[in-house]
Peer 1: 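Here's a structure for you.
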Amino acid sequence: MTTPQPQPQPQPPKRLVRRRDDRMLAGVCSGVADYLGVDVTLVRLLTVLGAVFGLGSLVVAYVVAWILLPEA
């Protein structure tokens, strides 16, 4: 007879939010990094490179995310 294994606690679903505690401008990059589970420096670097080489389209996306994402 085997003993019943304890059930793992269900994890709350991840939410994409702007973070207050690790922000440089609006907390969008920090929130995206937390949501994806990657280093925030990598997300910030990719954001800057995307803004420079994407001819500003990523800047528009950043501002839209700034407006739409809730702050946590």
Peer 1: Mind checking who shares a hydrophobic cluster with Leu58, ILVMFWY linked at side-chain heavy-atom distances under 4.5 Å?
Peer 2: none

Peer 1: Can you list the other members of the hydrophobic cluster that holds Leu46, where links are side-chain heavy atoms under 4.5 angstrom apart?
Peer 2: Leu42

Peer 1: Looking at residues at least two apart in the chain, or sitting in another chain, which of them share a salt bridge (Lys or Arg N to Asp or Glu O under 4.0 Å) with Arg23?
Peer 2: Glu71

Peer 1: Sort and list the pairs that fulfil salt bridge (charged side-chain N to carboxylate O under 4.0 Å, His left out) and have at least one residue in residues 50-68, not counting sequence neighbours.
Peer 2: none

Peer 1: Donor-acceptor pairs under 3.5 angstrom involving side-chain atoms of residues 10-18: please list them, not counting sequence neighbours.
Peer 2:
residue: Lys14; atom: NZ; partner: Tyr35; partner atom: O; Å: 2.9
residue: Arg18; atom: NE; partner: Trp66; partner atom: O; Å: 3.4
residue: Arg18; atom: NE; partner: Leu69; partner atom: O; Å: 3.2
residue: Arg18; atom: NH1; partner: Ala26; partner atom: O; Å: 3.2

Peer 1: Of all heavy-atom pairs between Gly27 and Tyr62, which one has the smallest distance, and what is that distance?
Peer 2: N-OH, 4.1 Å

Peer 1: Which ILVMFWY residues can you reach from Val59 by hopping between side chains whose heavy atoms are under 4.5 Å apart?
Peer 2: none

Peer 1: Salt bridge (Lys or Arg N to Asp or Glu O under 4.0 Å) with Asp39: which residues, sequence neighbours excluded?
Peer 2: none

Peer 1: For Val28 and Ala65, which heavy atoms make the closest approach, and how far apart are they?
Peer 2: CG1-CB, 3.8 Å

Peer 1: What pairs of residues pass the salt bridge (charged side-chain N to carboxylate O under 4.0 Å, His left out) test when at least one of them lies in residues 43-63, not counting sequence neighbours?
Peer 2: Asp22-Arg44

Peer 1: Partners of Val38 by side-chain contact (heavy atoms from CB on, under 4.5 Å), sequence neighbours excluded?
Peer 2: Ala33, Leu36, Val43

Peer 1: Determine the minimum heavy-atom distance between Ser57 and Gly54, stating which atoms define it.
Peer 2: OG-O, 3.1 Å

Peer 1: Is there a continuous path of hydrophobic side-chain contacts, each under 4.5 Å between heavy atoms, that joins Val32 to Leu45?
Peer 2: no

